Asker: 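If you scroll down you'll find the structure; I have some questions about it.
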Amino acid sequence: MNDFRADLHSHTIFSDGSDSPEKLIDLASMKGLKGLSITDHDTTKAYERAFRYASEKKFPLVSGVEFSAYFRQESIHILCYAFPLNSRPIQALCEKHILRRKERNQKILEKLKRLNIDIDEKDIPQTTLEGVIGRPHIAIALIKKGVVATMRDAFQKYLGEGKAAYEEGEKISVEETLQYIKEGKGKAVIAHPQLIIRKRLLKDLLEMPFDGVEGYYANIPFQEDEIFIKKAKEKGWLITGGSDYHGSIKPNIQLGSSWVNEETFNKLYNHFLSVSEKG
Ligand code: AMP
Ligand code: ZN
Ligand code: FE
Ligand code: FE
């Protein structure tokens, strides 16, 4: 029996995960995973360290990033895989997101200030100097200040979509994101379609030029009869999967709780090797 499992969705200290790239690779190896993709939010900064360590340990790693995008006022996540690490379009999109997040985080802090909650930039835990700062980091600052008790409270009261201190920031569309990914030679995958509540929107996304859907996600059981699985099969798309592991920031999600088999992993891995060689 082939026990190959690869987790294609994970976060490190370079976005809102709690593990370093090295610790994540060790954990993957310990859990018997045979492949991994690190998909930090809007950044590939973990990869310099990750690839150095992965090649020392001979652990197969495929490039990845989880882009934040907008489609009809709805926030959508797009996983991008197997692009060459020096891909200019992918790096340009990451740079665009750095600016978006900087402005957005400032606006969130301003909204909190207006609610008499004084969070200074220095209160926000920065795990790495080059890392992306997102709402979970602001949530941790709110917990530390004693404003809320839990991450869940922070999102429910302040940071979740439509809540008192919610701020969207510049909206980078799904269409634009897909263009960057194509030009950057990556594979574009609809992240966690299970979480998209508006079915009409999902239906329309499935007609866009993606290369796959994340059919296996976190602790959610796989459903063969989901519309996104049927569509993916019809179109010959990849059906990818991963845990969305964030370490202690989302303690109920274990690395490897969702995964892909060797065939799917190799499709991405081979694409990654071929575009990387060509430079
Ligand atoms: P951002 O990239 O700044 O928009 O933040 C997105 C991150 O916040 C993702 O890791 C989400 O899983 C996390 N997140 C979104 N909503 C919630 C929630 N209600 N509770 C906990 N984490 C959340
Ligand atoms: Zn996250
Ligand atoms: Fe996501
Ligand atoms: Fe994620």
Side-chain angles (χ1 to χ4, degrees), residues 7-19 24 36-44 46 64-71 74-81 93-94 96-109 111-112 119 124-127 131-143 148-172 174 177 188-197 202 205 213-214 216-220 240-255 257-258:
D7 190 329
L8 297 177
H9 192 156
S10 63
H11 297 266
T12 73
I13 52 172
F14 285 87
S15 66
D16 55 1
S18 65
D19 289 358
L24 188 57
L36 183 72
S37 184
I38 293 172
T39 51
D40 275 317
H41 296 283
D42 306 322
T43 183
T44 63
V65 52
E66 182 175 18
F67 285 121
S68 316
Y70 270 87
F71 189 57
E74 192 100 10
S75 158
I76 298 290
H77 284 173
I78 300 177
L79 290 159
C80 168
Y81 291 117
L93 184 52
C94 290
K96 212 169 147 67
H97 275 288
I98 288 174
L99 294 176
R100 173 184 77 87
R101 282 183 177 273
K102 212 173 162 166
E103 282 173 16
R104 177 198 192 209
N105 289 342
Q106 265 165 10
K107 285 185 183 163
I108 293 176
L109 295 188
K111 281 195 174 170
L112 286 170
I119 305 277
I124 298 173
Q126 206 170 356
T127 37
V132 151
I133 294 176
R135 286 178 290 162
H137 298 100
I138 300 176
I140 291 167
L142 288 170
I143 296 167
V148 290
T150 62
M151 178 82 71
R152 197 189 144 91
D153 284 351
F155 275 89
Q156 268 179 359
K157 288 189 184 147
Y158 300 108
L159 302 172
E161 276 187 64
K163 305 295 173 176
Y166 182 69
E167 179 60 47
E168 294 172 339
E170 184 196 344
K171 288 179 179 168
I172 301 175
V174 166
T177 304
V189 172
I190 303 172
H192 37 67
Q194 302 81 354
L195 308 183
I196 301 175
I197 295 157
L202 175 59
L205 276 176
V213 292
E214 191 176 37
Y216 304 85
Y217 179 68
N219 300 330
I220 301 176
T240 72
S243 61
D244 206 2
Y245 176 75
H246 283 70
S248 61
I249 292 174
K250 288 189 185 175
N252 55 334
I253 301 275
Q254 304 303 312
L255 188 68
S257 60
S258 272

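When reading the values below, keep in mind they use all heavy atoms of this one structure, side chains included, and skip hydrogens, waters and symmetry mates. First listed ligand is number 1; within each ligand, the first listed atom is number 1. Index from 1, following the sequence. As the structure is a prediction and not an experimental result, all values here were calculated from the model.
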Asker: Does ligand 1 have any atom sitting under 4.0 Å from a heavy atom of His41?
Answerer: yes
Asker: Given that the side chain starts at C-beta and the backbone is N, CA, C, O, which of these parts of Arg104 lies under 4.0 Å from ligand 1, counting heavy atoms, or is it both or neither?
Answerer: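 It is the side chain that gets close, since no backbone atom is under 4.0 Å.
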Asker: Within 2.8 Å of the Fe ion (ligand 3), is there any N, O or S atom belonging to His41?
Answerer: no
Asker: What atoms of ligand 1 come within less than 4.0 Å of a heavy atom belonging to Arg101?
Answerer: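 By the 4.0 Å cutoff, the relevant atoms are 1 (P), 2 (O), 3 (O).
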Asker: Salt bridge or not between Arg100 and Asp42? Use side-chain N to carboxylate O under 4.0 Å.
Answerer: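 So Arg100 pairs with Asp42 through a salt bridge.
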Asker: Does ligand 1 come near enough to His77 that some N or O of the ligand is less than 3.5 Å from an N or O of the residue?
Answerer: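 No, His77 has no N/O under 3.5 Å of an N/O on ligand 1.
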Asker: Going by the angle between their ring planes, with limits at 30° and 60°, are His9 and Tyr217 parallel, tilted or perpendicular?
Answerer: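 Ring orientation, 0 to 90° scale: tilted.
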Asker: Would one find an N or O of Lys250, backbone or side chain, under 3.5 Å from an N or O of ligand 1?
Answerer: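 N/O-N/O distance under 3.5 Å: yes.
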Asker: Would you mind naming the N, O or S atom of Glu66 nearest to the Fe ion (ligand 4)?
Answerer: OE1
Asker: Students should be able to answer this: which protein heavy-atom is nearest to atom 22 (N) of ligand 1, and at what distance?
Answerer: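 Going atom by atom, the protein heavy atom closest to atom 22 (N) of ligand 1 ends up being Phe155 CE1, 3.4 Å.
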Asker: Pull out every atom of ligand 1 sitting under 4.0 Å from any heavy atom of Gly134, numbered as shown with elements.
Answerer: 3 (O)
Asker: Show, in sequence, the C-alpha distance, side-chain angles and deciding distance for His11 and Asp244, and conclude whether the side-chain hydrogen bond (donor to acceptor under 3.5 Å, both in side chains) test is met.
Answerer: CA-CA 7 Å; His11 297 266; Asp244 206 2; 2.9 Å; yes
Asker: Looking at ligand 1, is there an atom of it that comes within less than 4.0 Å of some heavy atom belonging to Ser68?
Answerer: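 No, Ser68 has no heavy atoms under 4.0 Å from ligand 1.
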Asker: Does any donor atom in the side chain of His246 or Asp16 lie under 3.5 Å from an acceptor atom in the other side chain?
Answerer: yes
Asker: I'd like to know if Lys107 and Glu168 make a salt bridge, using a cut-off of under 4.0 Å between side-chain N and carboxylate O.
Answerer: no
Asker: Give the contacting part of Asp16 toward ligand 1: side chain, backbone, both or neither, where contact means a heavy-atom distance below 4.0 Å.
Answerer: side chain
Asker: Using a cut-off of 6.0 Å, state whether more than 12 heavy atoms not belonging to Lys171 lie near its atom NZ.
Answerer: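 Atom NZ in Lys171 is crowded, with more than 12 foreign heavy atoms closer than 6.0 Å.
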Asker: Begin from the C-alpha positions of His192 and Glu214 and carry the test side-chain hydrogen bond (donor to acceptor under 3.5 Å, both in side chains) through to its verdict.
Answerer: CA-CA 6 Å; His192 37 67; Glu214 191 176 37; 5.2 Å; no
Asker: Would you say the ring centers of His97 and His41 fall short of 6.0 Å from each other?
Answerer: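 That pair fails the under 6.0 Å test.
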Asker: By atom name, which N, O or S atom of His77 is the nearest to the Fe ion (ligand 3)?
Answerer: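 Result: ND1.
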Asker: Would you check, one step at a time, whether the test side-chain hydrogen bond (donor to acceptor under 3.5 Å, both in side chains) holds for Thr12 with Asp40?
Answerer: CA-CA 6 Å; Thr12 73; Asp40 275 317; 2.7 Å; yes
Asker: Mark yes or no: Lys163 above the aromatic ring of Tyr158, with NZ or CZ under 6.0 Å from the six-membered ring centre and no more than 45 degrees from the axis.
Answerer: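 Ring-cation test returns no.
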Asker: In Asp244, which N, O or S atom comes closest to the Fe ion (ligand 4)?
Answerer: OD1
Asker: Any chance you could lay out the side-chain hydrogen bond (donor to acceptor under 3.5 Å, both in side chains) test for Ser257 and Ser243, step after step, and finish with the verdict?
Answerer: CA-CA 5 Å; Ser257 60; Ser243 61; 4.7 Å; no
Asker: Looking at His9, pick out the N, O or S atom nearest to the Fe ion (ligand 4) and give its name.
Answerer: NE2
Asker: Report yes if Arg135 has an N/O atom closer than 3.5 Å to an N/O atom of ligand 1; otherwise report no.
Answerer: yes
Asker: At less than 4.0 angstrom from any non-hydrogen atom of His246, what atoms of ligand 1 do you find?
Answerer: 10 (O)
Asker: Number the atoms of ligand 1 from 1 as they appear, then name those within less than 4.0 Å of a heavy atom of Pro136, with their elements.
Answerer: 5 (O), 7 (C), 8 (O)
Asker: Taking only non-hydrogen atoms of His137, do any sit less than 4.0 angstrom from ligand 1?
Answerer: no
